[in-house]
Visitor: 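This is the structure I want to talk about, given as structure tokens.
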Amino acid sequence: MTEVVGIRFKKAGKVYYFDPDGLQMEAGCDAIVETARGVEFGSVIRGNCMVPDETIVLPLKKVLRIATKDDVRIVERNRKKEADAFEICLEKISHFGLDMKLIDVEITFDHNKLIFYFTSDGRVDFRELVKELAAVFRMRIELRQIGVRDEAKMLNGIGICGRALCCATFLGDFQPVSIKMAKEQNLSLNPTKISGVCGRLMCCLKYEEEAYEELNRKLPYVGDIVETADGMGEILSTNVLTQTVKAAVRKKENDPPTLAFYHVDEIKVVKSKKKKKKQAEEANLEALKQYED
């Protein structure tokens with residue numbers, strides 16, 4: 001076991017572990033730490049605690065000190081400089097006619113590096129832009145191309161649920177999301193209805209996926225022949241959350257079918273169309289994979 005503190009550098013960003021180096025820190029305070037990018041200012045999300053060695057990558061970088069009021073003032077000044085740098089960079093991009101969209105600017109706490117985040121449909125030759133920016137700001141310049149999901153995380157927005165985007169408020173990491181998850185949850189497979197503002201599949205499809213997988217394993221497929229207390233029937237539809245099915249049931253072979261609802265525990269599958277159904281689903285999902293991340 002190793003003693004660590006969990007520190008985050010951006011809102012809804014990833015939490016990184018650091019060696020407290022004898023300091024006692026509580027969640028909510030700020031700290032100055034040594035990182036691969038240099039000295040950085042971060043917020044303590046998880047105070048001193050012990051974690052298994054296999055969950056961390058050794059050696060850990062150390063916490064230099066608990067942040068002071070002077071450190072907070074430096075961060076506030078940096079935010080103003082970032083706003084100015086954003087406007088200057090926009091002018092330079094326009095001057096060089098580059099096909100890129102500037103998203104955000106970040107200055108490291110120790111003023112060692114200035115990072116510009118941008119999106120673009122293809123590769124961008126920004127060598128001249130870097131030279132111009134370096135001449136203006138007199139520090140190391142890094143231009144980092146990001147994806148549309150990272151763009152949404154940085155800019156924030158309102159999802160179709162009416163709430164602020166999950167990625168910008170509490171998601172530390174992006175989880176893989178697939179069209180199969182929408183299928184498991186009986187959602188529309190229309191990409192425009194299950195995609196977020198970033199144009200990719202909504203992150204919230206992942207939240208209840210394990211529960212839906214477990215529930216779906218207990219349900220028969222549509223078209224399966226089942227035995228019920230009222231006779232033999234064919235499954236017409238299923239309800240995942242209530243674990244019920246609708247079936248067309250015949251008490252005798254030549255009787256007209258009647259519609260009836262049963263709980264999954266009240267039926268027994270006699271003949272399953274699982275194989276054919278699975279093949280059809282796989283073909284459908286393959287056609288929709290272009291909308292996945």
Visitor: Evaluate the ring planes of Phe18 and Phe9, with Trp represented by its six-membered ring, and classify them as parallel (under 30°), tilted (30 to 60°) or perpendicular (over 60°).
Guide: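 Rings of Phe18 and Phe9: perpendicular, as their planes differ by over 60°.
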Visitor: Tell me the closest heavy-atom pair linking Ser188 and Ile194, and the distance in Å.
Guide: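 Looking at all heavy atoms of both residues, the shortest contact is O-CG2, 3.2 Å.
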Visitor: Would you mind reporting whether Ile160 and Met202 have side-chain heavy atoms less than 4.5 Å apart?
Guide: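 Yes, their side chains come closer than 4.5 Å.
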Visitor: Is Asn48 close to Met25 at the side-chain level, that is, under 4.5 Å between some pair of heavy atoms?
Guide: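 Counting from C-beta outward, Met25 and Asn48 do come under 4.5 Å.
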Visitor: Let me check something: do Leu219 and Val222 share a hydrophobic cluster, defined by ILVMFWY side-chain heavy atoms less than 4.5 Å apart, either directly or through other members?
Guide: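 No, Leu219 does not connect to Val222 through the hydrophobic network.
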Visitor: Would Asp230 and Arg250 count as a salt bridge (charged side-chain N to carboxylate O under 4.0 Å, His left out) if you check the C-alpha gap in whole Å, the side-chain angles of each, and the deciding distance to 0.1 Å?
Guide: CA-CA 7 Å; Asp230 302 316; Arg250 289 183 172 91; over 6 Å; no
Visitor: Looking only at the side chains, is there a donor atom on one of Thr192 and Asn190 sitting less than 3.5 Å from an acceptor on the other?
Guide: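 Side-chain D/A pair, Thr192 to Asn190: present.
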Visitor: Go through Thr35 and Lys61 one step at a time and tell me if the side chain to side chain contact (heavy atoms under 4.5 Å, CB included) criterion holds.
Guide: CA-CA 6 Å; Thr35 71; Lys61 296 285 187 179; 5.7 Å; no
Visitor: With no hydrogens and no angle check, is any side-chain donor or acceptor of Glu214 less than 3.5 Å from a backbone partner on Ala211?
Guide: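 Checking the backbone N and O of Ala211 against the side chain of Glu214, no donor-acceptor pair under 3.5 Å is found.
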Visitor: Is it the case that one hydrophobic cluster holds both Ile115 and Val105, taking links as side-chain heavy atoms less than 4.5 Å apart, direct or via other members?
Guide: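 No; tracing contacts between hydrophobic side chains, which count when under 4.5 Å, never links both residues.
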Visitor: Hey, is the main chain of Pro52 close enough, under 3.5 Å, to the side chain of Thr55 for a donor-acceptor pair?
Guide: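 Checking the backbone N and O of Pro52 against the side chain of Thr55, a donor-acceptor pair under 3.5 Å is found.
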Visitor: Glu151 and salt bridge (charged side-chain N to carboxylate O under 4.0 Å, His left out): which partner among Arg144, Lys101, Arg200?
Guide: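 In the set Arg144, Lys101, Arg200, the residue that makes a salt bridge (charged side-chain N to carboxylate O under 4.0 Å, His left out) with Glu151 is Lys101.
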Visitor: Could Lys206 and Glu209 be called an ion pair, given the rule that one side-chain N must be under 4.0 Å from one carboxylate O?
Guide: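 Glu209 and Lys206: not salt-bridged.
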Visitor: Taking side chain as C-beta onward, heavy atoms only, is Val33 less than 4.5 Å from Val39?
Guide: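 Val33 vs Val39: side chains apart.
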Visitor: For Asn112 and Arg140, run side chain to side chain contact (heavy atoms under 4.5 Å, CB included): C-alpha distance rounded to whole Å, both residues' side-chain angles, the deciding distance at 0.1 Å, then the answer.
Guide: CA-CA 6 Å; Asn112 182 49; Arg140 291 177 59 192; 3.6 Å; yes
Visitor: When hydrophobic residues are tied together by side-chain contacts of less than 4.5 Å, even through go-betweens, does Met100 share a cluster with Phe96?
Guide: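 Yes; Phe96 is reachable from Met100 via cluster members.
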Visitor: Quick one: does Tyr262's side chain get under 4.5 Å of Val226's, heavy atoms only?
Guide: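 Heavy-atom side-chain distance check fails, nothing below 4.5 Å.
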Visitor: Side chains of Phe261 and Val245, heavy atoms from C-beta outward: is any pair under 4.5 Å?
Guide: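 Side-chain contact under 4.5 Å: no.
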Visitor: Indicate whether the side chain of Asn239 and that of Thr244 have a donor and an acceptor atom separated by less than 3.5 Å.
Guide: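 No, no side-chain donor-acceptor contact under 3.5 Å.
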Visitor: Identify the two heavy atoms, one from Ala152 and one from Val197, that lie closest to each other, and give their separation to 0.1 Å.
Guide: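 Scanning both residues, the minimum pair turns out to be CB-CG2, 4.4 Å.
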Visitor: Could you measure the distance from the CD1 atom of Ile225 to the CE atom of Met232? Nearest 0.5 Å is fine.
Guide: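 So the gap between those two atoms works out to 7.0 Å.
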Visitor: Would you check if the side chain of Thr169 reaches a backbone N or O of Leu165 as a donor-acceptor pair within less than 3.5 Å?
Guide: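 Looks like yes, one N/O pair under 3.5 Å.
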Visitor: Rounded to the nearest 0.5 Å, how far apart are SG of Cys198 and NZ of Lys153?
Guide: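 Between Cys198 SG and Lys153 NZ, I get 11.5 Å after rounding to 0.5 Å.
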Visitor: Can you measure from CG (Leu201) to CE (Met181) and round to the nearest 0.5 angstrom?
Guide: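 Those atoms lie 9.0 Å apart.
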Visitor: May I ask whether Ile88 and Leu90 are part of the same hydrophobic cluster, defined by side-chain heavy atoms of I, L, V, M, F, W, Y residues being less than 4.5 angstrom apart, directly or through others?
Guide: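 Yes; Leu90 is reachable from Ile88 via cluster members.
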Visitor: Please confirm whether the backbone N or O of Val240 pairs with a side-chain atom of Gln243, one donor and one acceptor, at under 3.5 Å?
Guide: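 Such a contact is found between Gln243 side chain and Val240 backbone.
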Visitor: More than 12 heavy atoms of other residues, nucleotides or ligands under 6.0 Å from NZ of Lys113: yes or no?
Guide: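 Yes.
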Visitor: Hydrogens and angles aside, do Asp110 and Thr108 bring a side-chain donor and acceptor to less than 3.5 Å of each other?
Guide: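 A pair is found: one side chain offers a donor N or O, the other an acceptor, under 3.5 Å apart.
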Visitor: Charged N to carboxylate O below 4.0 Å: is that the case for Asp265 and Lys218?
Guide: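 Result for this pair is no, no salt bridge flagged.
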Visitor: Look up atom CG in Leu133 and atom CG in Leu143, then write down how far apart they are to the nearest 0.5 Å.
Guide: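 That separation rounds to 6.5 Å.
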Visitor: Would you say that more than 12 heavy atoms from the other residues, nucleotides or ligands in this model lie under 6.0 Å from the CG of Asp121, or not?
Guide: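 Check fails, neighbour count at 12 or below.
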Visitor: Does a donor on one side chain and an acceptor on the other come within less than 3.5 Å for Ser120 and Asp99?
Guide: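 Asp99 and Ser120 do not have a side-chain donor-acceptor pair below 3.5 Å.
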Visitor: Which is it for Gln185 and Asn216 under the side chain to side chain contact (heavy atoms under 4.5 Å, CB included) test, yes or no, and what are the steps along the way?
Guide: CA-CA 9 Å; Gln185 297 172 39; Asn216 274 316; over 6 Å; no
Visitor: Do other residues, nucleotides or ligands put more than 12 heavy atoms under 6.0 Å from Arg8 CZ?
Guide: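 Yes, the 6.0 Å shell around CZ holds more than 12 heavy atoms from other groups.
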Visitor: Please report the closest heavy-atom contact between Ala27 and Ile45, naming both atoms and the distance.
Guide: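 The answer is CB-O, 3.4 Å.
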Visitor: Kindly give the heavy-atom pair with the smallest separation between Val177 and Cys203, and that separation in Å.
Guide: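 Val177 and Cys203 have their closest heavy atoms at CG2-CA, 4.1 Å.
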Visitor: What I want to find out is whether Lys131 reaches Glu128 closely enough, with some N-O distance under 4.0 Å, to be called a salt bridge.
Guide: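 The answer is yes: the pair qualifies as a salt bridge.
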Visitor: Looking only at heavy atoms, which two atoms of Val5 and Gly47 are closest? And how far apart?
Guide: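 Taking Val5 first and Gly47 second, the nearest heavy atoms are CG1-C, 4.0 Å.
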Visitor: Do Asp19 and Val63 have side chains that get closer than 4.5 Å, going by heavy atoms?
Guide: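 Asp19 vs Val63: side chains apart.
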Visitor: Do Val75 and Phe137 land in one hydrophobic cluster if side-chain heavy atoms of ILVMFWY residues count as linked below 4.5 Å?
Guide: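 Per the 4.5 Å side-chain linkage, Val75 and Phe137 are not co-clustered.
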Visitor: Can you find a pair of side-chain heavy atoms, one from Tyr212 and one from Leu241, that are under 4.5 Å apart?
Guide: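 A side-chain contact exists here, since the closest heavy-atom pair is under 4.5 Å.
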Visitor: Students often mix this up, so state it plainly: with edges at 30° and 60°, are the rings of Phe118 and Phe126 parallel, tilted or perpendicular?
Guide: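 Ring orientation, 0 to 90° scale: perpendicular.
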Visitor: Can you list the steps and then say if Ile146 with Met154 is a side chain to side chain contact (heavy atoms under 4.5 Å, CB included)?
Guide: CA-CA 10 Å; Ile146 60 176; Met154 289 182 176; 3.8 Å; yes
Visitor: So, applying side-chain contact (heavy atoms from CB on, under 4.5 Å) with Leu114, which one of Lys81, Arg138, Met139 is it?
Guide: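 Going through Lys81, Arg138, Met139 one by one, the side-chain contact (heavy atoms from CB on, under 4.5 Å) with Leu114 is satisfied by Met139 alone.
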Visitor: Please give me the minimum heavy-atom distance between Glu213 and Glu184, naming the atom from each residue.
Guide: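 Residues Glu213 and Glu184, closest heavy atoms: CA-OE1, 4.1 Å.
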Visitor: State, with a plain yes or no, whether a side-chain heavy atom of Val249 is found less than 4.5 Å away from one of Pro257.
Guide: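 No, side chains not in contact.
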Visitor: To the nearest 0.5 angstrom, please state how far the CZ atom of Arg77 sits from the CD atom of Glu82.
Guide: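 Reported to 0.5 Å precision, the distance equals 13.0 Å.
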Visitor: Any chance you could measure Ile66, atom CD1, to Asp71, atom CG, to the nearest 0.5 Å?
Guide: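 Taking CD1 in Ile66 and CG in Asp71, the distance rounds to 11.0 Å.
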Visitor: For atom CD of Glu142, decide whether the heavy atoms of other residues, nucleotides or ligands shown that lie under 6.0 angstrom number more than 12.
Guide: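 Yes, because the 6.0 Å sphere around CD of Glu142 holds more than 12 heavy atoms from other groups.
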Visitor: For Glu34, is there an ion pair with Lys62 - N to carboxylate O distance below 4.0 angstrom?
Guide: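 A salt bridge is absent here (no side-chain N lies under 4.0 Å from a carboxylate O).
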